[in-house]
Colleague: 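Shown below is the structure under consideration.
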Amino acid sequence: VQLQASGGGLVQAGDSLTLSCAASARLFSSSVVHWFRQAPGKDREFVAAIRWGTSGTYYADSVKGRFTISRDTAKNTAYLQMNNLKPEDTAVYYCARASELAFAPAHYKYWGQGTLVTVSS
């Protein structure tokens with residue numbers, strides 16, 4: 001199963017944006033969909049995750065209270081709603097699937113293209 005992120009764009013600080021992560025096939029309920037991001041010149045970092053079966057969610061401290069991860073099992077799609085965006089949220093955002101919680105980018109062998117979010121001040 002491959003995941004593809006989309007929905008990025010150029011926004012101003014304080015704006016909102018929602019990213020989508022579409023799976024190429026039905027995900028097992030045991031799957032965990034993660035969002036990561038990589039800012040220019042920085043390492044890729046965990047942003048948020050959701051358990052496909054239970055919809056349990058997890059967030060990085062830097063986005064807690066501003067970002068919301070959700071999923072639509074009928075559409076095989078996960079979402080990342082980003083509110084009150086800050087310039088430091090500027091990054092390429094990627095989604096990835098794992099069979100368990102896996103916050104470390106090194107866990108993943110395959111990454112999709114990602115979607116660029118640029119937040120201007």
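Computed over heavy atoms, backbone and side chain alike; hydrogens, waters and symmetry mates excluded.
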Colleague: Using a 3.5 Å distance criterion without hydrogens, assess whether the side chain of H34 forms a donor-acceptor pair with backbone atoms of F46.
Modeller: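 Between the backbone of F46 and the side chain of H34 there is no qualifying donor-acceptor contact (under 3.5 Å).
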Colleague: If I compare all heavy atoms of T115 with all of G8, which pair ends up nearest, and what's the gap?
Modeller: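 Looking at all heavy atoms of both residues, the closest pair is OG1-N, 2.8 Å.
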Colleague: Using the side chain to side chain contact (heavy atoms under 4.5 Å, CB included) criterion, which residues pair with A39? Sequence neighbours excluded.
Modeller: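 Partners of A39 by the side chain to side chain contact (heavy atoms under 4.5 Å, CB included) criterion, ordered by chain and then number, come out as K42, A91.
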Colleague: Can you name the closest pair of heavy atoms from P105 and R44 and give their distance?
Modeller: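 Between these two residues, the closest heavy atoms are CG-O, 3.4 Å.
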Colleague: For the atom pair CH2 (W111) and CD (Q2), what is the distance rounded to the nearest 0.5 Å?
Modeller: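 One finds 14.0 Å between CH2 of W111 and CD of Q2.
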Colleague: Please confirm whether F36 and Y108 have ring centers closer than 6.0 angstrom.
Modeller: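 Yes, the ring of F36 comes within the 6.0 Å limit of the ring of Y108, centre to centre.
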Colleague: Residues sharing V11's hydrophobic cluster, by side-chain heavy-atom contacts under 4.5 Å among ILVMFWY, directly or via others?
Modeller: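 V11 clusters with V1, L3, L17, L19, L27, V33, W35, V47, I50, W52, Y59, V63, F67, I69, L80, M82, L85, Y93, V117, V119.
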Colleague: Nearest 0.5 Å, please: how far is OG in S29 from CZ in R51?
Modeller: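 OG of S29 is found 11.0 Å from CZ of R51.
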Colleague: Listed by chain and number, what are the salt bridge (Lys or Arg N to Asp or Glu O under 4.0 Å) partners of D61, not counting sequence neighbours?
Modeller: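 Checked D61 against salt bridge (Lys or Arg N to Asp or Glu O under 4.0 Å); matches are K64.
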Colleague: When clusters are formed from ILVMFWY side-chain contacts under 4.5 Å, directly or step by step, what else is grouped with Y110?
Modeller: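 Cluster partners of Y110: none, it stands alone.
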Colleague: If the condition is ring pair (Phe, Tyr, Trp, His ring centres under 6.0 Å), which residues does F28 pass it with, not counting sequence neighbours?
Modeller: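 Expected list: none.
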Colleague: How long is the span from the CD atom in Q113 to the OG atom in S6, to the nearest 0.5 Å?
Modeller: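 These two atoms lie 11.0 Å from each other.
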Colleague: With sequence neighbours left out, which residue pairs that include part of residues 73-83 fulfil the side chain to side chain donor-acceptor pair (under 3.5 Å) condition?
Modeller: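 Found S16-N83, Q81-N83.
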Colleague: Kindly say whether P87 contributes a backbone atom to a donor-acceptor pair with the side chain of S121 at under 3.5 angstrom?
Modeller: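 Judged by distance alone, no pair lies under 3.5 Å.
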Colleague: Within the supplied structure, the quantity of interest is the number of heavy atoms (other residues, nucleotides, ligands) at a distance under 6.0 Å from D43 CG; does it exceed 12?
Modeller: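 It does not: D43 CG has 12 such atoms or fewer within range.
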